> 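Structure incoming, see below.
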2 protein chains.
Amino acid sequence: MTDSDDRGTNARTEAPRSRGGRPRASSRRTLEDAASELFLEQGYAGTTIDQIAQRAGVGRNTFFNYFAAKSDLLWLDVDDTIAALPGILDATPVGIDPSAALEHAVTALAARHPHGAVPIALSQREPMATHDEFLAAGLSRFLLVAHALAGFLAARADDGVDATIVRVAANAVTAAAATAAGAWALAGVERGDLAADVGRAIAPVCRGFAPQLDPKPPA
Amino acid sequence: MTDSDDRGTNARTEAPRSRGGRPRASSRRTLEDAASELFLEQGYAGTTIDQIAQRAGVGRNTFFNYFAAKSDLLWLDVDDTIAALPGILDATPVGIDPSAALEHAVTALAARHPHGAVPIALSQREPMATHDEFLAAGLSRFLLVAHALAGFLAARADDGVDATIVRVAANAVTAAAATAAGAWALAGVERGDLAADVGRAIAPVCRGFAPQLDPKPPA
DNA sequence: CCGGTTTCGGTACTGAGTCCATAATGAGTC
DNA sequence: GACTCATTATGGACTCAGTACCGAAACCGG
């Protein structure tokens, strides 16, 4: 996650292919599938990038053309949903209070997430034993979301609102949502509606920050 | 942070030295100092563990006897404060509502933190350029705190309270506190009272979760 | 066919973290 | 003092992620 260029974390856009050039022999998908298989067989830590590339029929360097780090493979589904966040924020109605808009946007994001899309590491917890690296890579996603929410809040809240409290609220809401999403993912087959779970989790936080974020009624 | 044994993250206890054995030639402190110097001179990424060990007059492997990972060096002061959390939780009065107890404990923890103790990476941000690794290592600390708070809440809250909401509340409070602490650390010399800042940040969260965490008044 | 552009693939390198075998040191014991 | 035992230090060898570089392959428009 040290990159800000094309490849890696948030670059799932399928190759703009501006002009010419050699075609991408092994579409990103092939690497994802190879990795998923190997992770199931040998676990995450027990799988090397060489093996992934080899099974995908590709050179080792090609792997790094598509992913910035091995740990990015653990968050594929989540990255798709995160990529939709900016659009959702833009589409959030403007007439409502900032705290309500925040709650609305995050719930909408959760609703957009495919029901079966559970990160590899969470759906196969036992054979993985990666907790640390998995979570560390997850923090990058957390920060992306929290940063986007903070910008959203700052734009909608009164100018008088302290910038720090905006970031605190954004991070707290993100943490609540992430916790609920994690519990949802770990619930296994009998998991229910992600949006409902996330909504229940963030509602208290939004309520708590509402007095400071929302404009006072003029009365 | 892959370890649960003596060394690493949370082992700042100064050598119980139960019985005999070769003396610890280079007390952990020497390594910390050597690392701090080198980080200032060359930045975090530009400093290798070999260099740190060499300046401390110690073999490379000895470094790993005291720290589980290079990134642990970035969080020395924070680890000290986190180590005090269990004691603070135990000392929190039992007569009050769980949400108030949570707020009280976290504020007390912040109050205990030494005023000048700012993590290396935050106090010297420009020359470091490590944001990613720094934050990833920080997540381990976050989880330690959040887990402790969740256990605390679970013990104090009504039995009827959903376990997930307890974890959501603990994580949201931890996120709020961490955000405020980060802003405090980045504020530079004119930073004020950490406990006050943290208190302001977590109060809305605690207030928001109070209806679900605290026992209903019998009336 | 030719320049331009992009990807592919190999080699080589750095550095973190692990493993292991061995040496050094000290405490307790006889 | 000699012996044993536990603890720590140290060095060598190893794996693997991630980076840098370069030449070759493949496609594009002209």
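What you are looking at is a predicted structure, and each value in this text was computed from that prediction instead of being measured. Lettering follows sequence order; numbering is per chain, from 1.
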> Return the value, rounded to whole Å, for the distance between atom NZ of B:Lys70 and atom C1' of C:dG15.
8 Å

> Would one find a side-chain N or O of B:Thr62 under 4.0 angstrom from OP1 or OP2 of D:dA9?
no

> Is any side-chain heavy atom of A:Ile52 closer than 4.5 Å to a side-chain heavy atom of A:Phe39?
yes

> Take the protein atom CZ of B:Arg28 and the nucleotide atom P of D:dT8, then report the distance between them rounded to whole Å.
13 Å

> Hey, is the side chain of B:Tyr66 poking within less than 4.0 Å of OP1 or OP2 on D:dT8, counting only N and O atoms?
no

> In Å, rounded to the nearest 0.5 Å, how long is the span from CG of B:Asp77 to CD of B:Glu32?
8.5 Å

> May I have the distance from A:Asn65 (atom CG) to C:dG9 (atom P), rounded to whole angstrom?
9 Å

> Round to a whole Å and report the spacing from CD of B:Gln51 to P of C:dT14.
13 Å

> Give the rounded distance in Å between these two atoms: CZ of B:Phe67 and C1' of C:dT18.
18 Å

> Which nucleotide in the list D:dC27, C:dG17, C:dG9 gets nearest to the side chain of B:Phe64?
C:dG17

> State, yes or no, whether a side-chain contact exists between B:Pro114 and B:Thr81 at a heavy-atom distance under 4.5 Å.
yes

> Could you check A:Asp50 against B:Arg60 and say which one's nearest nucleotide on DNA chain D is further toward the 5' end?
B:Arg60

> Are any non-hydrogen side-chain atoms of A:Leu149 and A:Val106 less than 4.5 angstrom apart?
yes

> Not counting sequence neighbours, list each pair that qualifies as a side-chain hydrogen bond (donor to acceptor under 3.5 Å, both in side chains) and has a residue in residues 103-112 of chain B.
none

> Does the side chain of A:Thr48 get closer than 4.0 angstrom to OP1 or OP2 of D:dC16 through an N or O atom?
no

> In this structure, are over 12 heavy atoms from other groups packed under 6.0 Å from A:Glu41 atom CD?
yes

> Take a 6.0 Å sphere around CD of B:Glu37 and say whether it holds more than 12 heavy atoms from other residues, nucleotides or ligands.
yes

> Rounded to the Å, how far apart are A:Leu31 CG and C:dT7 P?
14 Å

> When you check every protein heavy atom under 4.0 Å of nucleotides 19-24 of chain C, what one-letter string (B, S, -) results, 5' to 3'?
B---BB

> Whole Å only: how far is the CZ atom of A:Arg24 from the C1' atom of D:dC28?
16 Å

> In whole angstrom, give the distance that lies between atom CD1 of B:Ile49 and atom P of D:dT10.
15 Å

